[in-house]
Amino acid sequence: VIENREELPDPAAPVEEPGAQPAPGGGGGSGENDRTNPAAPSALTGSIPTYRDILLNPLVVGSAGGLALAVLLLVAFPSELLNSTLSSNSRRFGRWFEAVERVSNNATAAFVRVTRTPAAAAAVLVLVTSILFGFVDPNFGFDATSVRLVLALAIALFIITYVSSWISGSIIKRAWGVQSTIELQPSALLFALIGVVIARLLEFSPGFLIGLVIGLEVATNTAVHHRIKSIIVKLGVLVGLAIIAWIAYSTLVLNQTAEPTFFSQLLVDSMASVTAEGLTAAFVSLLPLGFLEGRELFQHSKKLWIGTFLAVGTAFSLLVLPTASSGSEVRDVLTWTLVLVAFAVVTLGIWAWMHFTSTRAADEDDERAALDRVDA
């Protein structure tokens, strides 16, 4: 007698669900998500589109331009409105601003004293900022991929800050004889932290890599027209380096045939980081806030500022925001539009509150002055 017996699975054996994928950053294995592998993908790997992605989907250029226009209307103009209100209420906030500036200057001086030389201080600032930037990667930790990520961010930050400042300073000195100095800006660490928090909340990479810890300072006695030209040169160099890095990144990714190594991935991640950091820095610096160069450009020529803002904003929206990558959808643009609307609502709310309170305070001052005159 032949018995047909169906072999039952061992109840002790783990059941593998169909389509299950290994957990990101899972250790021990040899898969691409094994972060102990020095060539494993990081948050920067594949984070920006290549020129092939854009050529295959040219409509994203139009969406990036539309997003830049939305930023202009929902971020830049409300920021200018708020900035004007802050300027008109300088008497109310002057002491607070002076205190913040004094603390920042004292911190910079103390930092240079502790590190003994400006070069060492610059190296420490770049390293600390790169570690902060590393937290845009949700799996950032003590592994080979995270080490490569920090190195890539440090290389990019050095190019975007020191190299960019050196090139810009050389150009404006040769062209117009304008003197400039490269200065440390440790207070930018606060903006680096804010950028990382925003990137993690919005869940995208490469994130808002904000924090130019080294910057070019033009001499204060420089004529206005030369200062405007210097700002344009600095922005041009910054965006130019970012675009060159993007072309290099695209070429490396599209022509990669061999198995990636630590150093090949380091180069790819560095180029992606230069693109993201450079375009973000240029975009943020154009906001018309009192402590940014965009304010000076805005006051000098509205047309020049709008043209520059739209050009830089389009590049930023196209290459940094997740709207042109292969996995992006229409909802990505919608999400960013909602974020911009929320920013505009909050900014206009602060402006309305300050405008109302300043008007009421002015009325109270007028009444008090009138009573004093009557008593006299």
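Numbers here simply count residues along the sequence, with the first being 1.
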The side chain to side chain contact (heavy atoms under 4.5 Å, CB included) partners of Ser146 (sequence neighbours excluded) come to Arg35, Phe140, Asp143

What's the separation between atom CD1 in Ile232 and atom CD1 in Ile172, rounded to the nearest 0.5 Å? 12.5 Å

Is any side-chain heavy atom of Val233 closer than 4.5 Å to a side-chain heavy atom of Trp176? yes

Closest non-hydrogen atoms of Val163 and Ile159, given as atom of the first, atom of the second and distance, are CB-O, 3.3 Å

Report yes or no: does Ser273 contribute a side-chain atom to a donor-acceptor pair with the main-chain N or O of Ser270 at less than 3.5 Å? no

Which residue pairs pass the salt bridge (Lys or Arg N to Asp or Glu O under 4.0 Å) test when at least one of the two sits in residues 240-262, sequence neighbours left out? none

Using atom types as modelled and distance alone, determine if a side-chain donor or acceptor of Asn255 lies under 3.5 Å from a backbone N or O of Leu252. no

Distance col, row Leu287:CG vs Leu297:CG, nearest 0.5 angstrom, shows 12.0 Å

May I ask you to test the Leu157-Leu125 pair for a side-chain heavy-atom distance under 4.5 Å? no

Should Ser264 and Thr261 be marked as a side chain to side chain donor-acceptor pair (under 3.5 Å) after you check the CA-CA gap, both sets of side-chain angles, and the distance that decides it? CA-CA 5 Å; Ser264 67; Thr261 64; 3.3 Å; yes

Looking only at heavy atoms, the pair that brings Ile160 and Gly278 closest together is CD1-CA, 3.5 Å

Atom pair CD1 (Ile171) and CH2 (Trp166), whose distance is rounded to the nearest 0.5 Å: 9.5 Å

Search all heavy atoms of Ser230 against all heavy atoms of Val178 and return the closest pair with its distance. OG-CG1, 4.2 Å

Taking every non-hydrogen atom, the tightest pair across Ala39 and Gln265: O-NE2, 3.3 Å

Using the salt bridge (Lys or Arg N to Asp or Glu O under 4.0 Å) rule, collect all pairs that involve residues 237-246, keeping only residues at least two apart or in two chains. none

Following the transitive rule for hydrophobic clusters with a side-chain heavy-atom cut-off under 4.5 Å over Ile, Leu, Val, Met, Phe, Trp and Tyr, establish whether Ile54 and Leu56 coincide in one cluster. no

What distance do Leu153 atom CG and Thr129 atom OG1 have between them, rounded to the nearest 0.5 Å? 10.0 Å

Go through it in stages, so that I can follow the logic: the residues are Tyr162 and Val126, the test is side chain to side chain contact (heavy atoms under 4.5 Å, CB included), and I'd like the CA-CA distance, side-chain angles, deciding distance and then a yes or no. CA-CA 10 Å; Tyr162 187 84; Val126 167; over 6 Å; no

For Ala242, give me all partners under side chain to side chain contact (heavy atoms under 4.5 Å, CB included), at least two apart in sequence or on another chain. Leu279

Salt-bridge present (Arg227, Glu293; N to O < 4.0 Å): no

Where at least one partner belongs to residues 237-251, residue pairs that pass side chain to side chain donor-acceptor pair (under 3.5 Å), sequence neighbours excluded: Tyr51-Thr251

Indicate the atoms forming the closest heavy-atom contact of Ile228 with Glu296, along with that distance. CD1-O, 3.9 Å

Going through the distances and angles, do Val253 and Val268 end up as a side chain to side chain contact (heavy atoms under 4.5 Å, CB included)? CA-CA 7 Å; Val253 170; Val268 169; 4.0 Å; yes

Criterion side chain to side chain donor-acceptor pair (under 3.5 Å) on Ser42 and Asp269, from CA distance to verdict: CA-CA 8 Å; Ser42 69; Asp269 288 354; 3.1 Å; yes

Supply the atom-to-atom distance Ile231 CD1 to Leu304 CG, rounded to the nearest 0.5 angstrom. 9.5 Å

Test item: Ser164 side-chain N/O and Thr161 main-chain N/O as donor-acceptor pair under 3.5 Å: no

Separation between CD of Glu277 and CG of Leu241, rounded to the nearest 0.5 Å: 12.0 Å

Decide ring-ring contact (aromatic ring centres under 6.0 Å, His included) for Phe309 and Phe298; before the verdict, give the C-alpha distance in whole Å, the side-chain angles of both, and the deciding distance to 0.1 Å. CA-CA 10 Å; Phe309 189 92; Phe298 183 88; 9.9 Å; no

My understanding is that only residues two or more places apart in sequence, or in another chain, count here; which of them pass side chain to side chain contact (heavy atoms under 4.5 Å, CB included) with Ile244? none

Any sub-3.5 Å donor-acceptor pair from Trp305's side-chain atoms to Leu286's backbone N or O? yes

Check Thr275 against Val320 and note the closest heavy-atom contact, atom names and distance. O-CG2, 4.3 Å

Examine Leu127 and Phe142 and state if one hydrophobic cluster contains both, with Ile, Leu, Val, Met, Phe, Trp and Tyr joined whenever side-chain heavy atoms are less than 4.5 Å apart. no

Taking C-beta and beyond as the side chain, do Leu149 and Thr145 meet within less than 4.5 Å on heavy atoms? no

Side chain to side chain, Asn57 and Asp53, heavy atoms closer than 4.5 Å: no

